[in-house]
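The chains referred to below are lettered A, B, ... by the order of the sequence lines, with proteins before strands, and numbering in each begins at 1.
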Amino acid sequence: EAGVTQSPTHLIKTRGQQATLRCSPISGHTSVYWYQQALGLGLQFLLWYDEGEERNRGNFPPRFSGRQFPNYSSELNVNALELEDSALYLCASAPPSGRAYEQYFGPGTRLTVT
Amino acid sequence: QQPVQSPQAVILREGEDAVINCSSSKALYSVHWYRQKHGEAPVFLMILLKGGEQKGHEKISASFNEKKQQSSLYLTASQLSYSGTYFCGTERSGGGADGLTFGKGTHLIIQP
């Protein structure tokens, strides 16, 4: 069974630009979670998508947004990039919500803002 | 509220035991444990639900004390492959509504 995939592996952008990160969940999983892993800060919850809807977001500004497509894949957009946005962005997928679940993480996208 | 993990780091000899703790100041629905090796994605180890259960996975087990809002991860007779950073992720309500709030991680180094 294929795991969670993310693209691109690495992304280098300049301050002020926009970045788009993509995630494909495990087949059968309808939930996609996005996390930011910045150095020294651990994993920070960004966004949760389920059945095509944004269900919840963490303590991040509105320039972090995304969407989930009918095939449950997801896109994370970061507008007006700032230097502190440099981090590893991980997505995780989970089975349909409403019951105990485990999240399966993808390999991440390393975003560097210069 | 970010859970607090302790210790921050531990160095062991192969075969020794380790305990990693995760504490929250808020009532929890579940605690998830993950291990992340350098440059890799976190890998799910186990999930514990409120109710004070204990789970095992090979030589790795965990407990969840609902009254104390604390979970402990036990690594018995550690192997070199256990090296990595261990994260606990907590959930205050079921169904994924909150996402997971992760601790800062515990770095575990196993030496031969």
Side-chain angles (χ1 to χ4, degrees), chain A residues 3-6 9-10 23-26 29-51 53-60 64 66 68 74 76 87-110, chain B residues 1-9 20 22-24 26 28-51 53 55 57 60 62 64 66 71 84-107:
Chain A
V4 177
T5 59
Q6 291 186 246
T9 305
H10 293 91
C23 171
S24 291
I26 290 172
H29 286 189
T30 59
S31 280
V32 170
Y33 296 82
W34 286 95
Y35 293 91
Q36 182 194 67
Q37 189 174 30
L39 201 61
L41 293 179
L43 288 148
Q44 307 286 321
F45 167 66
L46 263 168
L47 289 159
W48 172 39
Y49 291 95
D50 183 58
E51 296 286 354
E53 300 284 333
E54 181 181 306
R55 301 296 185 183
N56 202 7
R57 65 182 296 127
N59 190 23
F60 282 84
F64 287 84
Q68 187 178 35
S74 178
L76 173 69
L88 180 68
Y89 288 84
L90 292 160
C91 87
S93 74
S97 60
R99 56 187 174 89
Y101 67 97
E102 56 265 28
Q103 296 187 13
Y104 294 89
F105 284 83
T109 293
R110 174 75 60 185
Chain B
Q1 234 78 352
Q2 186 176 37
V4 177
Q5 286 187 236
S6 63
Q8 286 185 316
I20 300 171
C22 174
S23 297
S24 174
K26 302 288 185 182
L28 299 175
Y29 174 81
S30 67
V31 178
H32 302 224
W33 285 98
Y34 290 81
R35 176 173 61 211
Q36 185 178 30
K37 293 184 179 289
H38 184 68
E40 300 179 9
V43 173
F44 173 78
L45 292 175
M46 64 189 75
I47 176 174
L48 300 104
L49 303 178
K50 66 177 182 179
E53 65 172 352
K55 277 193 171 181
H57 179 73
I60 301 175
F64 177 27
E66 188 180 350
S71 178
T85 302
Y86 289 78
F87 292 97
C88 70
T90 58
E91 191 185 16
R92 294 183 57 192
S93 60
D98 299 332
L100 289 175
T101 303
F102 285 91
K104 291 189 175 182
T106 295
H107 302 283

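- Shown here are the side-chain hydrogen bond (donor to acceptor under 3.5 Å, both in side chains) partners of A:Q44, two or more places apart in sequence or in another chain: there are none.
- Under the 30°/60° scheme for interplanar angles, the aromatic rings of A:Y33 and A:F45 are found to be tilted.
- Both the backbone and the side chain of A:L43 come within less than 4.5 Å of a heavy atom in chain B.
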Candidate pair A:L90 and A:W34, rule side-chain contact (heavy atoms from CB on, under 4.5 Å), full reasoning: CA-CA 6 Å; A:L90 292 160; A:W34 286 95; over 6 Å; no
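- Listed by chain and residue number, A:V4, A:P25, A:I26, A:H29 satisfy the side chain to side chain contact (heavy atoms under 4.5 Å, CB included) test with A:S93 (two or more places apart in sequence, or in another chain).
- Taking non-hydrogen atoms and a 4.5 Å limit, the residue list of residues 33-41 of chain B in contact with chain A, ordered by number, reads B:Y34, B:Q36, B:A41.
- Under the 3.5 Å distance criterion, the side-chain polar atoms of A:S31 are left unmatched by any main-chain donor or acceptor of A:D50.
- Under the side-chain hydrogen bond (donor to acceptor under 3.5 Å, both in side chains) criterion, A:Q36 pairs with A:Y89, not counting sequence neighbours.
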